[in-house]
Each structure stands twice: as C-alpha cells, then as structure tokens.
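Right, one structure below, let's go through it.
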2 protein chains.
Amino acid sequence: MKQNAATAKKVTESANRGQCAKRMSILEAAGEVFCREGFSGASIDEIAAEACVSRQTIYNHYREKETLFMAVVDDVMTRANGMMFSILSTFPDRTDNLEDDLTGFIFRLNKNCVCNHDGRFLRKLVQTEGERHPHLFESWRQQGPLKITNALAALFARLSIGGALQIEDFDVAARQFMALGNADLQMLMLFGETPTDEQIESAARNAVRTFLRAYGRPQPSREVPTLVSVTA
Amino acid sequence: MKQNAATAKKVTESANRGQCAKRMSILEAAGEVFCREGFSGASIDEIAAEACVSRQTIYNHYREKETLFMAVVDDVMTRANGMMFSILSTFPDRTDNLEDDLTGFIFRLNKNCVCNHDGRFLRKLVQTEGERHPHLFESWRQQGPLKITNALAALFARLSIGGALQIEDFDVAARQFMALGNADLQMLMLFGETPTDEQIESAARNAVRTFLRAYGRPQPSREVPTLVSVTA
DNA sequence: GTAAAACTAGACACCATTGTCTAAATCGTC
DNA sequence: GACGATTTAGACAATGGTGTCTAGTTTTAC
C-alpha cells in the first residue's frame, strides 16, 4: 500500500514532468506570440514552432485557440499578482532614511512588476484584448491593481500617522506615488523598450525626491546647518 | 480662360467633396475597427460596412489594407499633434493664481489630448502595432511626445526663473507634471473607460496641488494672514 | 522488453479574408 | 436628358488559418 502510493506518486510526477515541460513551453511560446501579434494575428503553427512542439500537441493540451489564450492570460496574471504582493511586503517599516527605503521599494516594484516581461505583457494584453474579454480582466483588476493601491494607501497611512509623512488623502497619494515612479519610464515602455537598471534607479530617485518634497515633513536636517553657520 | 479655370475648379471641388466625404468616412470607420480589432483582426468588409461604403470603394481609394492602415495612422497622428500644440499654447503666462491656471491647463491637456478619442487610439495603436511598424511611430515620437516634454520643460523654466516655481531639473519636472496629471485616470483608461469631466477635473486638481507642494515656493499667501493677525 | 501513453508529421475539409473583376446603378454636371 | 465618373453588389480565385484525423515514432513506467 505504502509502496503503491509511492510508486503511483512517482508515476504521475514523472509523467507530469514531461507533460508539464511541454505545457510550460507552449504557454511561454503562446504568450510571446499572442503578445507580439495579438490574438487574431497569432497562428497556432507559429506558436507550435516557437515552442518546438507539434501543432497536434497544442490541441491535445488546450482544446482550441481560445482555451490556450485563456490559459496564457491566467498563467501570467497569477504570476504577476504573486510577484506584486511579494514586493509589496518589502515596504519599509522604519522611518529613518525613508528616502532611500522608498527609493529601493519603488525600484523593486518597477523592476519586478511594472517593467518586467509579465508586467508589460499584461498591460498590452489588457489594452488589446480587454474589450473582447471584459470578464477576463475584471477579476484581475479587482484583485490586482485595485488591491495594490489600497495596500499602498494603508502603508502610507501608517507612515503618516507615525508622523513621517503629511498626507491628507492616502488613496490619491498612493496613485501619485505609482505615477511618479513611472514618470521617467512611461515613454520608454510605450515604445516597447526595456529600461536599464540605471534608468529604473534614476526614475525611482526622482520620484521619491519629489514625493517627499510634497508629502515629507519639512526636512529639519537640511536647514539646521544653515542656521548654525549663520549664527556662528 | 477665367471661366474655364473657375468651372474646372468648381468641378474638381465638387467632385472632391463627394470623394472627400467617402474618404473621411472610410478613414473614420477604419480607425474604429483597427483600434477595436487590431490590424490582423480587422476585416475590410467590416470597415466597409461601418463606413456605409462598398468594399470596392475602399480598394479604389486605398490600394490595399496596409495602405489604408498607414493612412489612418497618419491621419490620427496629424490631428493629435495639432491639438497637442494648440493646447500647449494655452500654458499660463501670469503667475498670480498659478494653481488654478495650471489646473485648467492640465484639465485641457487631459480632456483634449490624453483622454479623447485620438489620444486613446494612438496609445493603443502604438502598443499593438509599434513592433510591426517601427519607423511609423518613430517620427511621431520625435515630433510628438518628445517635443511636448521639451516645450513643457521650457515653460517650467520660465516660471522657475520668474520665481514662481523652484525646479532644478525641468525635464524631470515636466514628465512628473504629466505623470501626476494622469495618476488618477490611468487605471480607468487602461480598461477602456472614458473619464467624465468631473473625474478629469478632480485628477487635475490633485495633480497640481501635489506638484505645487513639491515645486511651488513656500506659499506666502497662506502664512501672511497668520502673521498679520499676530502682529495686529 | 513491453505496453501504454504522449508526441510528431502530414494530409485534410472547412471557413474567413484579401484583392480582382464585371455589370449594373447612382451621382453630378452640362 | 445625356454623359462621364464614381459607386455598388456580387462572383471569383487564391491564400492562409483552424481544427480533425491518421499512421508512425518516441518516451515513460513497470
């Protein structure tokens, strides 16, 4: 019995490993082609070639083109949301050196969620196929971007109550934080380019500097030396 | 001779008026369908139906689908750029009441360039077909968004030199101004919704308030009354 | 090694679309 | 009303894509 269970498990695992590799290969290739060509422009043959798989295998795993598309969307959304919340959990706790901590946070957010493959793919997908599949992206919107903004607002509220920031509307501040973080990257992304680490870092620094100029408490550290030198 | 020229002109004008109407009707319908379905997904028959025109007429005016697509892109780009510069010329001159003036400016910019039909169409088009036609959008990028940012930066420089703003990097400030203006609208737009005037107005107000908190000179108008009342 | 399962290559019917062609109809001008 | 230019509807071949089927090959488990 024990052996049976063990072998059975081994069988399915092993069987799945081969299948799973094919499935993942197909999903990845399909994502690439759907993203590049759009749903209508993508052909199954092209996907099969890019996945190094026969066309029939695709039809075996995913009944038809539409099913494959859904699977691709689901896959990338799940991955993107997971990454998003993972990054969100690294929001700074301490309030000493808030500028560097926030800069690091938005750098991570941009690098791993906004500018990376999945993020770009998702945005493009939502734009190109959103009208055609409204229900498909509504769930993502609810549990993705919407929750992110809420979570960010809550974190800003904590910092604000703690006295590190002076924010009246936390939701607005959260959206502005995200917007500022993308300000220097939007144009690059719109034209399909992938920003370098240096560009993302610079964008993050600019964003946080302005954000803190608007919402940070009037920095005492910078004016104290001036006063001292004057009085001296 | 005079009469000849006059009649000839009248003839061509009149002939052109009918043709021109058809052309515009086709361009508009094609834009709609290309935007909705993407290049591959759009069918000539669908465009013809939406333009209330026979398929052959489309082929008479634009030799093939690709030509039609180019014409559509060119048309919308020209119109969008014109509107953009028109709005840009309404950037505030005076520095009394800068907050209201900037709010009005970004309201106009968002309403007529970013959130309107052409703006949304162009962004979607660049995203979906940008990879397929790199040269097509490069010219637009050069003489569109890039020039806008430069112009905005120059205008901020003027305000900054005049003492109304305290900006170090004008290019960064210009990009941040645009980004803040879109902060509250981005999510709506991404999902294909058209923001209401109230939403655009509110977004503009939020954006300018934060922008001025970051870059405005420490507002004297708000503290003067306090000082006066104290001295009184 | 064997048997079952998965994969491959290619042929196939079916359908949608592109772009051409033709004959009839419509429009504007004289 | 007549004429020329434009438009229309529909037929048409050619193409390319989807999804099915089959026969043969490879992989995997035992």
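Below, read A as the first sequence line, B as the second, and so on, with proteins coming before strands; counting in each chain starts at 1.
Look at His61(A) and you'll find a side-chain N or O under 4.0 angstrom from OP1 or OP2 of dC7(C). Remark: Lys22(A) is in phosphate contact with dT8(C), judged by side-chain N or O atoms under 4.0 Å from OP1 or OP2. At dT8(D), one or more side-chain N or O atoms of Thr57(B) fall inside 4.0 Å of OP1 or OP2 (strictly under the cut-off).
Atom NZ of Lys65(B) sits about 8.5 Å away from atom OH of Tyr59(B), to the nearest 0.5 Å. Atoms CG and CD, from Asp184(B) and Gln176(A) in turn, are 6.5 Å apart once rounded to the nearest 0.5 Å.
Ion pairing between a basic and an acidic side chain is recognised when a charged N comes within 4.0 Å of a carboxylate O; Arg141(B) and Glu193(A) show such pairing. Using a cutoff of 4.0 Å between basic side-chain nitrogens and carboxylate oxygens, Glu201(B) and Lys111(B) are not scored as salt-bridged. The pair Arg79(B)-Asp75(B) counts as a salt bridge, with a side-chain nitrogen and a carboxylate oxygen less than 4.0 angstrom apart.
Straight-line distance from the CZ atom of Arg23(B) to the C1' atom of dT7(D): 15 Å, rounded to whole Å. Between the P atom of dT8(C) and the CG atom of Asn60(A) lies a distance of 9 Å, rounded to the nearest Å.
At a threshold of 4.5 Å between non-hydrogen side-chain atoms, the residues Lys147(B) and Phe85(B) count as touching.
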*For nucleotides 9-23 of chain D, read 5' to 3', which letter fits each nucleotide if B means a protein heavy atom sits under 4.0 Å from the base, S means only the sugar-phosphate is that close, and - means neither?*
B-B-----SSBBB--

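Note on ring orientation: taking the six-membered ring where Trp is involved, the planes of Phe211(A) and Phe177(A) are perpendicular (angle over 60°, cut-offs 30° and 60°).
Remark on the helix from dG1(C)-dC30(D) to dC30(C)-dG1(D): inter-end axis angle 40°, axes from five-pair C1' superpositions, rounded to 10°.
Separation of the Phe91(B) and Phe156(B) ring centroids falls under the 6.0 Å cut-off.
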